[in-house]
Number of protein chains: 2
Amino acid sequence: MPGPIQSLSRAAAIMRLLAGGERRLGLSEVATALDLAKGTAHGILRTLQQEGFVEQDPESGKYQLGAELLRLGQSYLDVHELRARALVWADDLARASGETVYLGVLHQQGVLIVHHVFRPDDTRQVLEVGSMQPLHSTALGKVLLAYDPVARGQLGDGPLESYTLRTLTDPADVDAECALIRERGWADSIEETWEGVASIGALIQDRRRNPVGAVCVSGPVETVTEDGFVKPSLVASVRSAARAISRDLGAGRF
Amino acid sequence: MPGPIQSLSRAAAIMRLLAGGERRLGLSEVATALDLAKGTAHGILRTLQQEGFVEQDPESGKYQLGAELLRLGQSYLDVHELRARALVWADDLARASGETVYLGVLHQQGVLIVHHVFRPDDTRQVLEVGSMQPLHSTALGKVLLAYDPVARGQLGDGPLESYTLRTLTDPADVDAECALIRERGWADSIEETWEGVASIGALIQDRRRNPVGAVCVSGPVETVTEDGFVKPSLVASVRSAARAISRDLGAGRF
DNA sequence: ACAGGCGGTCGACATTGTCGACCGAAGTGT
DNA sequence: ACACTTCGGTCGACAATGTCGACCGCCTGT
């Protein structure tokens with residue numbers, strides 16, 4: 001029986017649809033958006049609802065994602081080996097660098113943040129665990145693009161989305177940058193995704209030397225860069241954190 | 001077609017099973033645990049896998065939850081109205097009280113933490129958003145038990161799990177306490193779940209006065225209580241935060 | 001070398017999810 | 001106040017669909 005289970009794929013599509021649109025969606029909206037009969041969509045939604053994956057606003061009748069997803073998402077983090085091993089190293093890195101630290105893994109067409117250590121000052125920051133970052137314009141993403149063929153495959157060959165003037169939008173340019181990244185062993189991104197923000201990332205690999213994720217520090221251009229280049233001391237910190245995590249995962253001695 | 005979609009319910013059961021057992025589970029384990037034919041379990045797992053809800057460890061072949069759940073869980077938080085409105089109030093409450101602040105909603109047989117503000121000192125703390133707390137032994141839980149009939153229904157009438165010597169394990173005792181909570185308008189829990197930890201909670205209601213969640217402060221007994229009782233000043237802070245959030249939700253003037 | 005476990009596949013079967021018409025309620029524009 | 005639309009939800013017939021259990025090749029421990 002090689003072939004996905006239809007009702008499951010549809011349920012997944014519905015959840016993604018609900019996750020995408022910011023506001024709640026009605027039954028008919030869901031049905032037409034996914035080209036389903038209303039009855040079919042209703043059956044799936046009803047099941048998802050009683051499993052807790054979807055909730056229904058009692059007054060408007062509209063649907064939104066459910067609490068069970070949050071619980072299961074947390075369970076995902078609990079068993080995430082890379083994250084568990086990286087926790088203390090990420091903390092150390094944040095303390096040593098004075099900047100925000102992210103830990104990300106490849107997921108679909110982006111980088112999923114699985115750990116986030118706030119910059120050790122008292123500015124108000126929002127936790128970004130569970131959110132996605134683009135592959136072609138962030139340090140985390142470019143590290144994965146450089147070392148993980150699967151990531152490169154996800155990128156495709158079409159023009160890429162532009163976020164700032166410095167975003168690389170031509171896949172060929174990204175490939176060239178990836179060659180450089182492989183050569184020197186780390187990636188950076190200076191205002192390629194958000195104005196005023198720069199980051200430096202390095203690869204994490206498992207015991208078999210497979211790429212499994214990336215760490216980065218991220219912060220204001222003013223503190224992360226100097227004369228237009230990222231500070232070498234930060235690069236060293238990130239790389240050594242990445243090596244430490246990889247070693248912890250059993251990647252072997254260096 | 002009133003009746004859940006079989007394959008979907010089974011998929012949900014599989015994900016919950018994977019979330020429960022700390023370690024990864026093999027195909028056969030899943031199949032026998034849920035009393036499914038191996039082929040059936042495999043079909044569901046394969047679909048879940050290609051949707052990103054489940055991942056398979058390539059060397060052992062065992063299954064674990066997937067990254068898509070984390071992403072969707074985050075999306076759940078993004079649209080969560082209660083949480084959005086409560087963010088700043090929770091921050092203020094943490095600053096004013098000097099203690100950890102939790103925001104929780106009823107989910108199945110427990111309280112799901114949807115927001116968590118660290119105690120404003122520099123101790124290392126782990127984020128508990130997405131985790132569950134028991135209903136009958138925490139301030140959050142008891143608030144919900146006192147005001148939300150659905151929560152009370154979830155509790156059942158059997159003996160309750162005991163965590164410390166002070167845990168109330170008889171539903172009748174809990175009901176009596178709930179009556180008190182309704183009378184005075186707030187709940188506390190002193191070492192009923194974790195030794196050394198006390199908390200104070202109050203109800204949040206929506207524009208229709210329906211209970212929708214609860215806030216609490218939580219901290220060491222030494223700072224939260226005085227002479228065996230919770231500090232009145234903290235009670236006042238929590239209650240006014242709860243009122244503020246309720247008002248923000250449109251619960252009307254008080 | 002063997003036995004027993006694993007994850008995964010296959011094809012027949014009938015259960016199960018799907019479809020589109022239909023319903024009452026609520027909203028909307030006139 | 002009216003007809004008209006659109007909403008969420010239900011129903012029953014149909015066949016497409018998911019389910020089942022035997023089977024396969026592989027690896028592991030004996």
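All values below come from the heavy atoms of this structure, side chains included, with hydrogens, waters and symmetry mates left out. Labels below follow one simple rule: chain letters A, B, ... track the order of the sequence lines, proteins then strands, and each chain is numbered from 1. Quick caveat: nothing in here was measured; it's all calculated off a predicted structure.
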Just N and O in the side chain of B:Gln6: are any of them under 4.0 Å from OP1 or OP2 of D:dG18? no
Mark yes or no for a side-chain to base donor-acceptor pair under 3.5 Å between A:Lys38 and D:dG9, with no hydrogen or angle criteria applied. yes
How long is the line joining CG of A:Leu45 and P of C:dG17, in whole Å? 15 Å
If you assign A:Leu27 and A:Leu8 each to the DNA chain D nucleotide with the nearest heavy atom, which residue ends up on the more 5' nucleotide? A:Leu27
For the side chain of B:Ala37, starting at C-beta, report the closest nucleotide among D:dG21, D:dG18, C:dT9. D:dG21
Point-to-point distance, once rounded to the nearest 0.5 Å, from CD of A:Gln109 to CD of A:Glu161: 12.0 Å
Out of D:dG18, D:dG8, C:dC19, which nucleotide sits closest to the side chain of A:Gln56? D:dG8
Test of understanding: with side chain to side chain donor-acceptor pair (under 3.5 Å), list the residues that count as partners of B:Arg239, not counting sequence neighbours. none
What is the separation between atom CD on A:Glu29 and atom P on D:dC7, rounded to the nearest whole Å? 8 Å
A:His42 and A:Tyr63 aromatic centres sub-6.0 Å: no
Where each residue is assigned the nucleotide of DNA chain D containing its nearest heavy atom, which of A:Lys62 and B:Asp35 is assigned the position nearer the 5′ end? A:Lys62
Counting only side-chain heavy atoms from C-beta out, which of D:dT19, C:dT9, C:dT18 sits nearest to B:Ser7? D:dT19
Taking 4.0 Å as the cut-off, does a side-chain nitrogen or oxygen of B:Tyr63 come that near to OP1 or OP2 on C:dG8? yes
What does B:Glu59 touch in the nucleic acid at a heavy-atom separation under 4.0 angstrom: a base, only the sugar-phosphate, or nothing? nothing
Under 6.0 Å from the CD atom of A:Glu183, do we count more than 12 heavy atoms belonging to anything else shown? no
Could you state the CG-P distance from A:Leu34 to C:dC19, rounded to the nearest angstrom? 12 Å
As a check of understanding: the bend across the helix from C:dT16-D:dA15 to C:dT28-D:dA3, end axes from five pairs, rounded to 10 degrees, works out to 10°
Compare side-chain N and O positions of B:Thr40 against OP1 and OP2 of D:dC20 and report whether any pair is under 4.0 Å apart. yes
Tell me: CD1 of B:Ile44 to P of D:dT17, nearest whole Å? 17 Å
Does D:dT19 have its OP1 or OP2 closer than 4.0 Å to a side-chain nitrogen or oxygen of B:Arg10? yes
